[in-house]
2 protein chains.
Amino acid sequence: MDGERVGMLLMHLGRDVDARLRRQLSVYGLTPRHGFTLSHLCDNGPTSQQSLLDVLDVDPSVLVAILNDLENAGLAERKRDPEDRRRHIVEMSEQGRTALTAMQGTIDTIERELLADLSPADADQLRSLLSKVRSPGDTSCAGD
Amino acid sequence: MDGERVGMLLMHLGRDVDARLRRQLSVYGLTPRHGFTLSHLCDNGPTSQQSLLDVLDVDPSVLVAILNDLENAGLAERKRDPEDRRRHIVEMSEQGRTALTAMQGTIDTIERELLADLSPADADQLRSLLSKVRSPGDTSCAGD
DNA sequence: TATTGTTATACTCTATAACTATA
DNA sequence: TATAGTTATAGAGTATAACAATA
């Protein structure tokens with residue numbers, strides 16, 4: 001339970017990064033989740049809400065709220081899928097692209113702060129090791 | 001904003017570890033914060049609430065709730081400081097020690113899962129690098 | 001009947017401010 | 001007047017379940 005454990009370090013650092021990013025993004029009236037959503041739309045193009053659910057790993061009702069916010073801010077838009085009118089296709093707007101760029105600048109700043117005491121080689125090493133950490137939720141055997 | 005950044009990795013991993021630990025500890029009716037509190041009491045002996053506030057970095061009202069829970073569960077006890085009757089001295093009980101041991105077992109399990117794909121040397125390296133990451137809240141110049 | 005998305009609701013965590021008692 | 005701790009309350013964030021539209 002002490003602060004030396006990797007799990008504890010991850011918890012505390014993750015919490016701090018989240019709080020910091022949340023505070024910075026609140027200037028735009030957005031949260032980290034809004035940012036992830038725009039980021040995914042930018043990388044993958046128009047997407048159904050279902051696939052956003054998979055990527056963001058949030059409750060459907062949470063995604064509805066996120067998309068409502070993005071639509072009200074003019075950053076994204078929902079359209080009916082003509083092939084299956086139950087589905088929505090979510091697409092980001094030009095304004096959304098601009099907002100995403102601003103947000104990426106914000107997180108770049110945080111990133112530089114986090115890594116201020118590490119050499120570039122150490123930072124790469126850290127990135128590599130972190131990507132090898134197995135997220136508890138990842139365990140393929142669902143038996144718990 | 002993509003998942004490659006260290007900050008994003010920390011956010012996601014930290015969130016997962018927290019969720020996992022919270023779920024496991026709910027068996028005992030406790031949260032990670034209860035665990036940290038007991039852990040600090042174990043390492044440092046009887047402590048004033050003020051110094052717990054510094055270590056846990058929570059709002060005073062949150063600490064009150066944590067200590068109420070621990071007292072109701074018989075895991076810790078508040079006593080008046082005879083030298084300054086405004087102060088409370090918080091002390092863990094034998095039951096508290098037993099509960100802490102159980103919780104440490106839980107987090108050890110999570111820790112092993114997290115590091116399952118890393119060699120012992122990699123795990124040490126990761127621990128070392130993480131401890132060099134500067135938490136955004138740490139910045140000594142409060143100007144923001 | 002099953003699926004996509006939505007709404008309404010409740011529950012947890014946290015933050016704020018007002019309060020008590022001691023100094 | 002200032003400090004240690006407490007209480008009451010409100011605000012986020014999230015999860016649950018019931019619902020409408022479409023397949």
Side-chain angles (χ1 to χ4, degrees), chain A residues 11-12 14-37 46-72 76-91 137, chain B residues 11-12 14-37 46-72 76-91 137:
Chain A
M11 266 186 60
H12 286 128
R15 184 186 199 72
D16 279 346
V17 173
D18 180 79
R20 173 74 166 213
L21 184 57
R22 189 172 299 276
R23 190 153 52 86
Q24 300 284 104
L25 292 186
S26 70
V27 174
Y28 312 104
L30 299 173
T31 68
R33 289 247 155 95
H34 293 108
F36 290 132
T37 306
T47 320
S48 77
Q49 289 191 201
Q50 281 302 320
S51 82
L52 281 173
L53 283 178
D54 292 341
V55 176
L56 296 174
D57 192 33
V58 295
D59 193 84
S61 62
V62 173
L63 179 61
V64 168
I66 293 171
L67 294 179
N68 286 345
D69 294 340
L70 292 179
E71 262 194 330
N72 290 337
E77 196 182 355
R78 276 183 272 220
K79 296 173 182 167
R80 284 283 171 191
D81 180 345
E83 295 191 1
D84 182 343
R85 290 187 42 75
R86 290 174 302 184
R87 287 206 184 93
H88 278 161
I89 303 290
V90 185
E91 195 171 351
Chain B
M11 267 186 61
H12 286 128
R15 183 186 199 71
D16 279 345
V17 172
D18 180 79
R20 173 75 166 214
L21 184 57
R22 187 171 300 275
R23 190 152 54 85
Q24 300 285 103
L25 292 186
S26 69
V27 175
Y28 313 103
L30 299 173
T31 67
R33 288 248 155 93
H34 293 108
F36 291 131
T37 306
T47 320
S48 76
Q49 290 191 201
Q50 281 301 320
S51 82
L52 280 174
L53 283 178
D54 292 339
V55 176
L56 296 174
D57 191 34
V58 296
D59 193 84
S61 62
V62 173
L63 179 60
V64 168
I66 293 172
L67 294 179
N68 287 346
D69 294 340
L70 292 179
E71 261 194 330
N72 290 337
E77 196 182 357
R78 277 183 272 221
K79 295 172 183 166
R80 285 283 172 192
D81 181 345
E83 295 192 1
D84 182 342
R85 290 187 42 74
R86 290 173 302 184
R87 287 206 184 93
H88 279 161
I89 304 290
V90 185
E91 195 171 354

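Throughout, protein chains are lettered first and strands after them, A, B, ... in sequence-line order, and every chain is numbered starting at 1. Only this structure's heavy atoms are used, side chains among them; waters, hydrogens and symmetry mates stay out.
Exactly one residue among B:V55, B:I66, B:L56 makes a side chain to side chain contact (heavy atoms under 4.5 Å, CB included) with B:F36. That residue is B:L56.
Applying the 3.5 Å distance criterion, the base of D:dT22 shares no donor-acceptor pair with the side chain of A:R85. On a pure distance criterion of 3.5 Å, a polar donor-acceptor pair joins the side chain of A:S61 and the base of D:dT16.
One interatomic measurement links the two molecules: CG of A:L56 to P of D:dT14, which rounds to 11 Å at whole-angstrom precision. The nearest whole Å value for the distance from the CG atom in A:D59 to the P atom in C:dT9 is 17 Å. When the P atom of C:dT3 is taken as reference, atom CD of A:E83 falls 19 Å away, rounded to whole Å. Per the geometry, CG belonging to B:N72 stands 12 Å off P belonging to D:dT6, to the nearest Å. Atom CZ in A:R80 sits about 8 Å away from atom C1' in C:dT4, given to the nearest Å. Rounded to an integer number of Å, the gap from B:H88 NE2 to C:dA21 P is 12 Å. Taking atom CG of A:D69 as the reference point, atom C1' of D:dG13 lies 12 Å away to the nearest angstrom. Taking atom CG on A:L53 and atom C1' on C:dT6, their separation rounds to 12 Å, with Å as the unit.
Residues B:I89 and B:P46 share a closest heavy-atom pair of CG2-CB, 3.7 Å.
Contacts of A:S48 with the nucleic acid, taken as non-hydrogen atoms under 4.0 Å apart, are absent. Within the 4.0 angstrom heavy-atom criterion, only backbone atoms of the sugar-phosphate kind lie near B:D84; the bases stay farther away.
If you find the closest nucleotide of DNA chain D to A:P60 and to B:L63, the one lying nearer the 5' end belongs to B:L63. When each of B:V58 and A:L67 is assigned the nucleotide of DNA chain C bearing its nearest heavy atom, the one mapping closer to the 5' terminus is A:L67. Along DNA chain D, the nucleotide closest to B:V62 and the one closest to A:R86 are compared, and the more 5′ of them pairs with B:V62. Residue A:Q49 is the one, among A:Q49 and B:D81, whose nearest nucleotide of DNA chain C lies closer to the 5' end (criterion: closest heavy atom).
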Report the C-alpha distance between A:H88 and A:D81 in whole Å, list the side-chain angles of each, state the deciding distance to 0.1 Å, and finish with yes or no for side chain to side chain contact (heavy atoms under 4.5 Å, CB included).
-> CA-CA 6 Å; A:H88 278 161; A:D81 180 345; over 6 Å; no
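For B:R78, no side-chain nitrogen or oxygen approaches OP1 or OP2 of D:dA4 to under 4.0 Å. At the phosphate of D:dG5, OP1 or OP2 sits under 4.0 Å from a side-chain N or O atom of B:Q50.
Taking the side chain of A:R22 as heavy atoms from C-beta on, and the options C:dT4, D:dG13, C:dT7, the nearest nucleotide is D:dG13. Closest approach to the B:V64 side chain among D:dT6, C:dA15, D:dT14 is made by D:dT6 (side chain taken as heavy atoms from C-beta onward).
A 4.5 Å side-chain heavy-atom check between B:Q50 and B:R87 finds every atom pair outside the cut-off.
Side-chain contact check for A:H34 and A:D69: at least one donor-acceptor pair (N or O, by modelled atom type) lies under 3.5 Å.
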